[in-house]
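Side-chain atoms are counted along with the backbone in the values below, which use heavy atoms only and exclude waters and symmetry mates.
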Amino acid sequence: RYLFGPAEGAGNPVVDPTLISVFLCLPDEIMQMDSSPLRAADIKPDLKKQFAFLSGSGSNGSPIIVFPECPAFGEITERQFHDVLTYLTSVPSLASTGVGFILVIDRRLDRWAAVRGALLRIAGSFPGNLQLVLVLRPINLLQRALSDILFKLNKDEFKMKVPVIMLSSVTELHSYINHSQLTQELGGTREYCHEKWISHRIALEDFAMMVKKTAQTLQIFGTELAETELPNEIQDTTVLLSAHTSKKNKMKEDILVALGQGRRLLESINEPVVRDPDYNMSQEELENLATVQRLLSQLDETETAFDEFWLRHQTKLEQCLQLCHFENNHKEVRALLDQMSEKLTTFCDVGISPAHADHIFSELLAFEVKVCDTVEKAAALCLEGDELIQKSHYAEESIRPKCTELRELSESVSSNLKSRKDHLLKAKELHHKLETASQWVDEGIYLLASQPVDKCQSHEGAELALQELERYLESANQNQLSSLNVIWSEYDTVLNQHFRKISQKQTSMQEMFDKRRMSLMKLAAKQTRPVQPVAPRPEAFIKSPLNSPGQSGNGHLHSRGNNSRQASLSEEEENLAVLRRHVMNELLETERAYVEELLCVLQGYASEMDNPSMFPLIPGPLQNKKEILFGNMPEIYRFHKRTFLMELEQYTDCPQLVGRCFLERMTDLQIYEKYCHNKPRSESLWRQCSDCAFFQVNKRHLVPLSFVLISEDLQEALTSIVGILKAVNDSMHLIAITGYEGNLSELGKLLMQGSFSVWTEHKKGHAKVKDLARFKPMQRHLFLHEKALLFCKRREENGEGYEKAPSYSFKQSLSMSAVGITENAKGDNKKFEVWCNSREEVYIVQAPTAEVKTTWVNEIRKVLTTQLQAYRGT
């Protein structure tokens with residue numbers, strides 16, 4: 001890729017070779033101009049002595065050099081004499097000097113010795129060709145006679161190869177040289193000013209040297225441009241274009257300066273003609289005029305060639321810069337399209353639930369925005385490429401296939417995106433149908449379980465129950481799954497195990513409905529003696545289309561162990577057993593799936609962050625940030641895998657008691673609080689790095705990390721769940737209180753309950769009396785209500801296995817309207833005091849930990865503050 005070599009893919013020179021020749025190969029006349037080592041400016045002091053000067057030309061064009069009267073001629077050194085004559089003989093043109101010089105030696109006022117000295121100097125060191133030597137001899141009679149005699153006697157001494165003619169007057173001189181070519185001192189008419197001649201010579205030579213240097217600089221610059229290799233990078237091309245533009249501007253300035261100086265010099269040469277139109281220029285002036293005009297003309301041509309040359313060069317560099325930008329943008333857009341195409345392959349999952357499918361689809365929609373943006377960039381880049389081609393860019397054959405490639409890739413990505421969207425829309429539709437069917441089945445199972453079987457033994461009761469079933473079945477067409485053949489034909493690409501599970505559950509429910517209908521139809525057709533079967537209590541179920549119908553309100557469902565189960569179960573018992581198994585299976589499957597997903601994330605993402613081979617794919621902000629991104633997820637996984645799941649599995653045969661597993665592990669579930677506290681930092685890091693190569697590589701074989709990472713509303717949900725579990729746990733302890741004669745519900749909401757060590761003090765008169773067991777505390781279980789604080793004694797837990805539960809004996813009650821509190825007691829950070837009746841009764845309470853003590857003190861303070869505000873309000 002050379003600037004003036006063949007264009008890439010074009011095969012034609014970028015710049016016309018003739019133009020390069022005009023620009024790079026300037027005329028020899030300019031390049032060799034004034035090659036003499038002497039210039040007027042160099043010997044100006046010697047020239048100003050005027051012991052010799054040029055004065056017109058002879059009839060045949062021979063240049064005339066006049067040696068005027070010069071009293072100090074003898075003082076002229078050989079170097080000065082040689083330099084001046086060498087310079088004077090270099091001024092006329094080569095054609096004129098080829099004819100030979102005519103020398104005029106004026107020694108009219110001198111002696112023969114001066115004539116002899118001048119002739120000897122000229123004969124010994126004249127640097128040019130001679131045609132004729134004319135000598136105006138001394139006018140003094142004696143000196144004239146001596147000159148005639150001595151010249152004849154010593155003629156051979158001068159060794160002149162040309163005639164040397166001794167003249168007596170200027171009149172004789174005019175017979176050899178026209179008076180118009182002689183100055184007034186020699187009887188001529190030519191106006192001559194030696195100072196002005198020197199100035200003209202210096203200006204002319206300066207102009208000539210300026211033209212020469214300008215031409216040389218242009219030639220060097222042109223060679224540099226012609227040999228410049230086109231860069232491949234934007235920055236390099238920009239720098240090169242800027243550097244060349246700066247040099248070009250400098251060249252242009254030099255040319256304009258040279259043209260200005262040449263025009264001023266031309267005006268100076270033409271000044272006599274402008275002043276006097278009849279003025280006849282000397283041969284030297286005519287040659288100077290022709291030289292300046294020729295140089296100006298050549299400078300004009302060079303400027304034009306340079307402008308055209310630069311325009312081609314600038315166009316080529318600009319096209320090179322355009323190509324660099326295009327190729328760089330093509331590389332970026334191509335990489336983006338490849339990334340989009342690769343990421344689209346990760347959207348192959350159809351989800352495991354409607355929420356999961358919606359989440360995947362929302363991710364795809366967000367990704368679609370990026371795809372559309374990239375496709376628009378590709379389209380714009382293709383249009384840019386088309387414009388370059390239309391403007392005859394030199395790299396047309398390189399640009400066209402890149403545009404075609406981008407269009408094909410864009411079409412492929414857009415087509416794949418549409419296919420993925422259609423696929424996920426089908427998946428969403430199926431998931432929502434499955435969810436609707438699942439809810440409908442759950443409600444049906446609940447309906448079967450909640451019907452009062454004892455009332456169905458009558459004709460009227462059976463009729464009402466049968467009508468209820470029939471009304472429910474009327475909604476089957478809108479809610480239940482259609483035939484398997486239809487499902488397979490519509491959703492063959494998105495079917496998964498979840499569909500099979502819902503289908504099986506629907507089939508089981510349908511079988512139970514059929515059995516119930518048959519039984520009710522028999523009862524309605526013929527009244528029989530009622531049998532008292534064991535039926536589930538309707539109040540034991542919480543009816544909700546979104547909750548599992550087998551959840552118990554108080555944890556006391558009638559169930560029998562496998563060892564004592566009767567040989568044949570009634571129909572209602574069988575339905576209830578199906579319901580319980582369904583709930584338990586759903587719970588276990590959900591927990592196992594959750595554990596599996598946690599393991600998938602920890603192995604597929606967290607562990608891979610420690611894999612050295614993955615280090616290059618991890619961006620800087622994500623390095624050494626595993627704990628921030630995943631929080632305490634390993635701790636959560638270990639709890640669910642090693643503890644919670646195993647305990648849930650223990651309730652497989654007695655699902656009615658599974659609620660205890662949640663209550664007993666309520667404290668352990670607080671591990672999610674730590675995860676929630678870290679969540680903002682995790683989300684910020686995830687948003688910053690979610691599109692990096694590390695996640696894209698590991699996402700191919702794993703569920704999306706953004707789905708597995710717990711959602712933003714976890715803290716709210718966790719708070720609600722823990723609150724419910726705490727309320728249930730507190731109520732279970734509350735109903736175990738015995739010996740309280742009043743109504744516990746009148747004491748207000750139960751705020752807290754827990755076990756403490758308690759000491760009591762009583763004032764009798766002025767003395768403070770402690771209980772007999774002053775050094776041994778009492779173990780009491782305290783119940784803090786809105787209106788009272790109960791002190792109870794915990795009794796041994798009765799029963800075995802799952803039936804094992806504590807009980808509490810009521811001992812004392814303090815009204816919160818008469819209670820005071822001292823936050824610190826006896827210098828122990830775990831103790832506080834509760835007192836009443838102006839501290840006549842003081843209860844020193846020791847909590848298990850300082851944290852528990854702080855929680856209780858804060859809660860009691862809230863109760864007292866609320867009471868005070870209510871009192872002031874009234």
Side-chain angles (χ1 to χ4, degrees), residues 337 339-375 409-444 475-510 545-546 586 589-590 592-594 596-597 600-601 604 690-691 695-696 698-709 711:
L337 288 173
Q339 291 176 8
M340 301 295 175
S341 181
E342 183 178 357
K343 189 168 183 178
L344 275 174
T345 60
T346 64
F347 288 96
C348 57
D349 193 3
V350 296
I352 59 176
S353 67
H356 191 185
D358 289 340
H359 177 80
I360 296 175
F361 189 73
S362 66
E363 280 193 337
L364 183 62
L365 291 181
F367 179 65
E368 182 182 22
V369 175
K370 297 181 180 180
V371 171
C372 293
D373 181 58
T374 302
V375 169
L409 280 175
S410 298
E411 184 178 354
S412 174
V413 170
S414 299
S415 177
N416 289 339
L417 176 63
K418 183 179 183 304
S419 176
R420 295 294 179 185
K421 282 185 65 177
D422 294 342
H423 184 72
L424 279 177
L425 284 173
K426 280 285 187 181
K428 283 182 59 179
E429 185 178 359
L430 175 59
H431 276 299
H432 285 288
K433 283 187 177 183
L434 293 176
E435 183 180 41
T436 301
S438 179
Q439 292 178 1
W440 182 73
V441 170
D442 290 342
E443 291 173 357
S475 63
N477 291 335
Q478 294 84 11
N479 295 290
Q480 72 176 1
L481 296 175
S482 55
S483 65
L484 290 179
N485 291 334
V486 175
I487 294 292
W488 280 109
S489 62
E490 291 184 0
Y491 304 102
D492 60 330
T493 60
V494 294
L495 287 172
N496 55 23
Q497 188 64 30
H498 187 52
F499 161 73
R500 297 180 177 85
K501 183 176 68 174
I502 300 298
S503 178
Q504 292 171 0
K505 188 164 70 171
Q506 177 178 296
T507 302
S508 299
M509 193 271 298
Q510 189 67 45
L546 297 179
E586 288 282 343
E589 288 180 11
T590 302
R592 290 175 183 137
Y594 180 55
E596 184 64 27
E597 287 181 352
C600 186
V601 170
S690 58
D691 291 333
F695 291 118
Q696 302 307 319
N698 290 283
K699 192 175 181 180
R700 297 177 182 174
H701 309 294
L702 299 169
V703 294
L705 179 59
S706 57
F707 180 75
V708 179
L709 292 178
S711 59

For residues 409-418, run the donor-acceptor check on the side chains, cut-off 3.5 Å, and write out each pair with its distance to 0.1 Å, sequence neighbours left out.
from, atom 1, to, atom 2, distance (Å)
Ser410, OG, Leu406, O, 2.8
Ser414, OG, Ser410, O, 2.9
Asn416, ND2, Ser412, O, 3.3
Lys418, NZ, Asp422, OD2, 3.2

From Glu368 atom CD to Leu344 atom CG, the distance as rounded to the nearest 0.5 Å: 10.0 Å
Distance-minimising heavy-atom pair for Ala357 and His431: CB-CD2, 3.5 Å
Residues that Phe367 engages under ring pair (Phe, Tyr, Trp, His ring centres under 6.0 Å), provided they are two or more places apart: Phe347
Pairwise distance NE2(His356) to CD(Glu597) - rounded to 0.5 angstrom: 7.0 Å
Residue pair His432 / Asp358, side-chain heavy-atom distance below 4.5 Å: yes
Donor-acceptor contact below 3.5 Å, side chain Ser341 vs main chain Leu337: no
Atom pair CZ (Arg592) and OG1 (Thr590), whose distance is rounded to the nearest 0.5 Å: 10.5 Å
Full working for side chain to side chain contact (heavy atoms under 4.5 Å, CB included) between Lys421 and Leu365: CA-CA 8 Å; Lys421 282 185 65 177; Leu365 291 181; 4.2 Å; yes
Test side chain to side chain donor-acceptor pair (under 3.5 Å) applied to Ser419 - qualifying residues, sequence neighbours left out: none
Distance, nearest 0.5 Å, that separates CD of Glu429 from CG of Leu434: 10.5 Å
